[in-house]
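Worksheet for the structure shown next.
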Amino acid sequence: MFSYQAPQDLLAGRVILVTGAGDGIGRAAAHAYARHGATVVLLGRTLEKLELVYDELEAAGYPQPAIVPLNLETAAEHDYIELANQLQDTFGKLDGILHNAGILGPITSIEGYDPIIWQQVMQVNLNAPFLMTQTLLPLLRLAPEASIIFTSSGVGRRGRAHWGAYAVSKFGTEGLAQVLADELENISAIRVNCINPGATRTAMRVWAYPAENPQNNPAPEEIMPLYLYLMGPDSKAVNGQSLDAQGSGSA
Ligand code: NAP
């Protein structure tokens, strides 16, 4: 596991947007960021799940979160502009984005892959994070220093049979992060990195590996040290990296 002990006030005063915040790793990240002082903007497609997380954060006494219901499969440019305007009016800046929402799509061959589903997976996993990041960059520039984290996967670094659009979208995500990191290096206080969560006990993992015992994988809460490290100021000098949440690195 990536080893990092976050100070309690790591993210105090920061506004952090988490996509896919209603479940799995995104929900755990929303908790971890709020516990360390952040005002978390909970974005996802299922309002009831976002409301549950909202209530949990409020009950824990963390900074009051915000909810943005948005389906990344159908969201268009005007939705992102509206999101930017809302964040600008409410908070006046944005200190970080965790691009976490994702869908798996079918585990099937390229030859047999449904082209419509291919586009859906690419839209949610790659195109939406691009559009959202592009629209929110001016707000990120208003923060003293900001962090953008994209979510990759082992199959986004080495292709594997039958992982189709999911794997290709994660290769694209790695590329997007590298290009953006290089563009922003030295001309902004925004850093851009990728996290590969590794096998984690979530609904997506169970769907991908139905025969596996879920208890053999760490819970989302256990992989949070890297998510905290890359979002907080201790990683200020880290840019353009793709790191493993369950890897051997430490900070
Ligand atoms: P998960 O439990 O399935 O959660 C995915 C989240 O994304 C859910 O909150 C889901 O919302 C949201 N989402 C899906 N489609 C969306 C859409 N169209 N618009 C808005 N939100 C949408 O998956 P997870 O395991 O936590 O995965 C989180 C990230 O880690 C993903 O990018 C995944 O590729 C990556 N990852 C996971 C593993 C693993 O072992 N779990 C390994 C490598 C990489 P709903 O709950 O409303 O559906």
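Remember, it's 1-based here, ligands and their atoms both numbered in the order they're listed.
- Taking a cut-off of under 4.0 Å to the non-hydrogen atoms of Glu73, the atoms of ligand 1 that pass are 18 (N).
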Just do the side chain to side chain contact (heavy atoms under 4.5 Å, CB included) check on Trp163 and Ile107 with the steps written out, would you?
CA-CA 5 Å; Trp163 281 75; Ile107 302 290; 4.1 Å; yes
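- When the options Arg191, Glu185, Gln178 are evaluated for a side chain to side chain donor-acceptor pair (under 3.5 Å) with Asn239, the one that passes is Glu185.
- By the rule that hydrophobic residues join a cluster once side-chain heavy atoms approach within less than 4.5 Å of another member, Leu180 and Met132 end up as members of one cluster.
- Contacts between Lys49 and ligand 1, counted as non-hydrogen atom pairs separated by less than 4.0 Å, involve the side chain only.
- The minimum heavy-atom distance between Leu42 and Ala30, with the atom names listed, is CD2-CB, 3.5 Å.
- Here the protein heavy atom with the shortest distance to atom 22 (C) of ligand 1 is Ala101 CB, 3.8 Å.
- Under the 4.0 angstrom criterion for non-hydrogen atoms, Asn217 is not in contact with ligand 1.
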Could you go step by step and tell me if Tyr33 and Leu228 meet the side chain to side chain contact (heavy atoms under 4.5 Å, CB included) rule?
CA-CA 7 Å; Tyr33 291 159; Leu228 285 164; 3.8 Å; yes
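- Geometrically, ligand 1 and Ile25 share a nitrogen or oxygen pair separated by less than 3.5 Å.
- The parts of Asp23 lying near ligand 1 are both backbone and side chain, judged by heavy-atom distances below 4.0 Å.
- Here the protein heavy atom with the shortest distance to atom 18 (N) of ligand 1 is Asn71 OD1, 2.9 Å.
- Looking at ligand 1, you'll find an N or O of Leu72 within less than 3.5 Å of one of its N or O atoms.
- Across the listed options Ser169, Gly20, Gly198, Gly198 owns the non-hydrogen atom lying nearest to atom 42 (C) of ligand 1.
- Taking distance alone, with nitrogen or oxygen atoms compared against 3.5 Å, Asn100 approaches ligand 1 more closely than that limit.
- Applying side chain to side chain contact (heavy atoms under 4.5 Å, CB included) to Thr135 and the options Leu83, Asn85, Asp79, Ile81 leaves one that passes, Ile81.
- Regarding atom 40 (O) of ligand 1, its nearest protein heavy-atom neighbour is Thr200 N, 2.9 Å.
- Ligand 1 places these atoms under 4.0 Å from at least one heavy atom of Ala199: 40 (O).
- With hydrophobic clusters built from ILVMFWY side chains whose heavy atoms lie under 4.5 angstrom apart, Leu98 shares a cluster with Val40.
- Checked by atom type, the side-chain pair Tyr209/Asn217 shows no donor-acceptor distance below 3.5 Å.
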For a salt bridge (Lys or Arg N to Asp or Glu O under 4.0 Å) check, start with the C-alpha distance between Glu73 and Arg45, then their side-chain angles and the critical distance, and finish with the verdict.
CA-CA 9 Å; Glu73 191 186 318; Arg45 69 176 162 185; 5.3 Å; no
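- If you number the atoms of ligand 1 from 1 as listed, the ones under 4.0 Å from a heavy atom of Ser152 come out as 44 (C).
- When hydrogens are left out, the protein atom nearest atom 43 (C) of ligand 1 is Pro197 CD, 3.7 Å; that is the closest non-hydrogen contact.
- At least one N/O-N/O distance between Lys170 and ligand 1 falls below 3.5 Å.
- In this pair, Trp118 and Tyr113 present their aromatic rings perpendicular. The plane angle is above 60°, beyond the 30 to 60° band.
- Counting protein heavy atoms only, atom 11 (O) of ligand 1 is closest to Arg45 NE, 3.8 Å.
- Neither the backbone nor the side chain of Trp207 has a heavy atom within less than 4.0 Å of ligand 1.
- Note on Leu184: it clusters hydrophobically with Leu139, by side-chain heavy-atom contacts below 4.5 Å among ILVMFWY residues.
- Residue Gln215 places its CD atom among more than 12 non-hydrogen atoms of other residues, nucleotides or ligands, all under 6.0 Å distant.
- Residue contact check: Leu70 has heavy atoms under 4.0 Å from atoms 19 (N), 20 (C) of ligand 1.
- In the hydrophobic clustering of ILVMFWY residues, with side-chain heavy atoms under 4.5 Å counting as a link, Phe91 and Ile190 come out together.
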Checking Glu145 against Arg14 for the salt bridge (Lys or Arg N to Asp or Glu O under 4.0 Å) test, could you report, in this order, the C-alpha distance in whole Å, the side-chain angles of both residues, the deciding distance, and whether it holds?
CA-CA 10 Å; Glu145 50 113 353; Arg14 295 187 186 221; 2.9 Å; yes
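- Considering backbone and side-chain N/O of Arg205, none are found under 3.5 Å from N/O of ligand 1.
- Under a 4.0 Å criterion applied to the non-hydrogen atoms of Ile103, ligand 1 contributes the atoms 14 (C), 15 (N).
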Taking it one step at a time, do Glu56 and His31 satisfy side chain to side chain donor-acceptor pair (under 3.5 Å)?
CA-CA 8 Å; Glu56 289 165 358; His31 272 264; 2.7 Å; yes
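- Contacts with ligand 1 closer than 4.0 Å are made by no heavy atom of Asn125, backbone or side chain.
- The shortest N or O to N or O distance between Asn196 and ligand 1 is not below 3.5 Å.
- Closest heavy-atom contact between Thr151 and Lys170: O-NZ, 3.0 Å.
- Of all protein heavy atoms, the one closest to atom 23 (O) of ligand 1 is Met204 CB, 3.5 Å.
- Looking at Thr202 next to ligand 1, an N or O pair under 3.5 Å apart turns up.
- At the top of the distance list for atom 47 (O) of ligand 1, counting protein heavy atoms only, stands Thr46 OG1, 2.4 Å.
- Assignment of Ala75 to the shell around ligand 1 is not supported, since no heavy atom sits closer than 4.0 Å.
- Residue nearest to atom 5 (C) of ligand 1, selected from Ala128, Gly24, Gly102: Gly102 (by heavy-atom distance).
- Atom 35 (C) of ligand 1 has Thr151 CG2, 3.5 Å as its closest protein atom, hydrogens excluded (heavy atom only).
- In the vicinity of Tyr166, heavy-atom distances shorter than 4.0 Å reach the ligand 1 atoms 33 (C), 34 (O), 35 (C), 36 (N), 43 (C), 44 (C).
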Does the side chain to side chain donor-acceptor pair (under 3.5 Å) test come out yes or no for Asn100 and Tyr227, once each step is laid out?
CA-CA 11 Å; Asn100 160 83; Tyr227 286 78; 5.1 Å; no
